[in-house]
Amino acid sequence: MKTLLTTCLIYTALTTVPMAGETIKVASLSTVLAEIVERVGGDRVTVTALVKAGVDPHEFEPKPEDLKMVAGAQLVLASGKNLEGYFPKLKESAGAKADLIAVGDKLPSIKMKTSDHDHKEHAGHKGELIEDPHWWQSITNVKLATKIVRDELIKLSPSDTEGFKKNADAYIVQLNALEKWVKLKLAELPRDRRKLVTSHDAFGYFANEYGFNIYAIKGFSSEDEPSSKDVAEACVLIKTEGVKAIFPHSMENPKVLREITRETGAVLGGELYADGLGTGDASTYEGMIKHNVGTIVDALK
Amino acid sequence: MRGSPLIRVLFVFAVLALALIPLRHLTRAESEAKPDVTSKAEVDATSVHLALTSSSVPFHFEIRHLGKIIWQGDATTAEVDRDVTLHFPEEGIELVVNAKWRDDSHESALRVRITHDNETPVEQTLWGRGLADDVLIFKKP
């Protein structure tokens, strides 16, 4: 019995703890977390981003090859806050081998209201308050997430503690500089113009930190046929609040948007990256934040 | 219509030229119809009293509001103040404050106090060793 127990312990250690010289295999369900673990882990990690840049994480469903990847990883990072409805299925695939960390579950939350057209993982009664899963729109949260990822890597490879700490500190210094840039850029925008009209309610954490009011207008995805009442309500809101620009999601109903801009005089403010990293300039976290903030300030100034 | 083709052509041009007058009036009125939103902020601008108090002298300072420098200078006294005109909405204002002290052997502080419309003053303090810069938020009392 003793021999069997010892064998099991040795087997578990061999499959979960990387051997000296081997890298830690990490699978990530978030482009932001993929960047964080790459920066903190450096050459001690091999990262596979299952959700790629430009892919909507709300719509992502893991395929069999993704589950195989998860089964071979030592650390799996998820956004958490109920964004990944398939998380239980993933846990089953990973078995006891990998550490599955829903990073967002360890971060402060704000609430958001569900609407008729929320994504299925947020499904609930209309107007119900749920946790807003878009925590990465707050730089403060990303700094906290960096420390969480650092600690998970240290658990897996204690001999690399100094390296992970040094990398995490360097990344946080960069995030502090980004935070300062955001504050300086936003200081160009009067506080009474900080009104964000968008159809994808993903900027609550950003709004909270920087004094914005969010007006999420419902029912304007390309799959919807909003009623004339919905359109009229949106127009009244935009005119009453004196909003200069609205920020559509990439899947907006163009006909409805044209009607709103014609009726209110508001312009389309440019696309914002709501659900993770994009391509080009927005392929890094810093690039994504600078793109979003620059787009917002330039359109509302 | 009878008559010379030239006269007929001239008649058509005259009618078109007459039609241009109301059309021009209409298009000019449309481009003037949408007021520039920034002019509303300028219209709503009021006088506020800014007072700076530094723990070390001399010091150089620069204060920006909405991307523009509203006050800068070199101070040889611990306290300087002036009135500036700016838009101070209910939501508050943000000032970008830069300070540089000649003495960088210890931490120095610069207090920025705003008095608006005879209300209770609001203040924020900036700290730094040799130099400091930050965005200070001032909300109405």
Side-chain angles (χ1 to χ4, degrees), chain A residues 138-140 173 175-197 206-215 235 237-247 260-269 289-290 293-301, chain B residues 27 29-46 48 50 61-72 84-99 112 114 116-117 122 124-128 131-141:
Chain A
S138 152
I139 299 174
T140 303
V173 163
L175 291 173
N176 285 338
L178 177 62
E179 206 163 31
K180 190 157 190 182
W181 181 92
V182 169
K183 280 167 79 173
L184 285 170
K185 187 68 183 171
L186 288 175
E188 294 174 22
L189 183 65
R191 287 178 72 87
D192 59 344
R193 292 227 196 124
R194 296 192 187 182
K195 295 167 187 175
L196 208 53
V197 176
F206 173 83
N208 223 36
E209 271 188 12
Y210 299 113
F212 274 78
N213 287 323
I214 301 273
Y215 303 96
C235 290
L237 173 76
I238 290 165
K239 280 196 224 174
T240 309
E241 295 296 331
V243 176
K244 276 186 74 182
I246 60 177
F247 298 90
I260 291 174
T261 52
R262 194 181 54 232
E263 176 63 30
T264 62
V267 297
L268 291 181
I289 293 293
K290 283 186 170 177
V293 171
T295 300
I296 289 168
V297 171
D298 290 346
L300 295 181
K301 224 166 24 174
Chain B
T27 52
E30 254 192 18
S31 66
E32 284 171 357
K34 293 194 179 95
D36 181 42
V37 178
T38 54
S39 64
K40 184 183 183 310
E42 284 159 7
V43 165
D44 291 344
T46 55
V48 300
L50 272 179
F61 62 91
E62 180 189 279
I63 300 184
R64 288 176 180 264
H65 177 242
L66 302 182
K68 292 187 186 141
I69 297 174
I70 57 170
W71 190 21
Q72 67 174 336
V84 294
T85 302
L86 46 84
H87 173 52
F88 200 143
E90 287 305 312
E91 292 84 350
I93 59 168
E94 291 181 359
L95 297 180
V96 179
V97 180
N98 279 282
V112 181
I114 291 182
H116 172 250
D117 217 14
V122 284
Q124 297 282 348
T125 302
L126 188 68
W127 288 85
L131 57 91
D133 60 315
D134 204 354
V135 178
L136 303 181
I137 301 171
F138 296 88
K139 293 195 177 168
K140 287 195 172 177

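Residue numbers start from 1 in every chain, and the chains themselves are labelled A, B, ... in the order their sequence lines are given, proteins ahead of strands.
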**OP:** Answer yes or no: is there a side-chain heavy-atom contact under 4.5 Å between Glu94(B) and Leu189(A)?
**Re:** no
Subject >> Region of Ile137(B) in contact with chain A, defined by heavy-atom distances below 4.5 Å >> reply: side chain
Original post:
Between Ala187(A) and Val96(B), what is the shortest heavy-atom contact and its length?
Top reply: CB-CG2, 3.7 Å
Original post:
Does a salt bridge link Lys68(B) with Glu188(A), judged by any charged N lying under 4.0 Å from a carboxylate O?
Top reply: no
Original post:
Ion pair present between Lys180(A) and Asp134(B), side-chain N to carboxylate O less than 4.0 angstrom?
Top reply: no
**OP:** Could you please spell out the steps behind the side-chain contact (heavy atoms from CB on, under 4.5 Å) verdict for Lys301(A) and Leu66(B)?
**Re:** CA-CA 9 Å; Lys301(A) 224 166 24 174; Leu66(B) 302 182; over 6 Å; no
Original post:
Looking at CG of Asn213(A) and CD of Glu91(B), how far apart are the two atoms once the value is rounded to the nearest 0.5 Å?
Top reply: 7.5 Å
Original post:
Just by distance, do the side chain of Arg191(A) and the backbone of Ile93(B) share a donor-acceptor pair under 3.5 Å?
Top reply: no
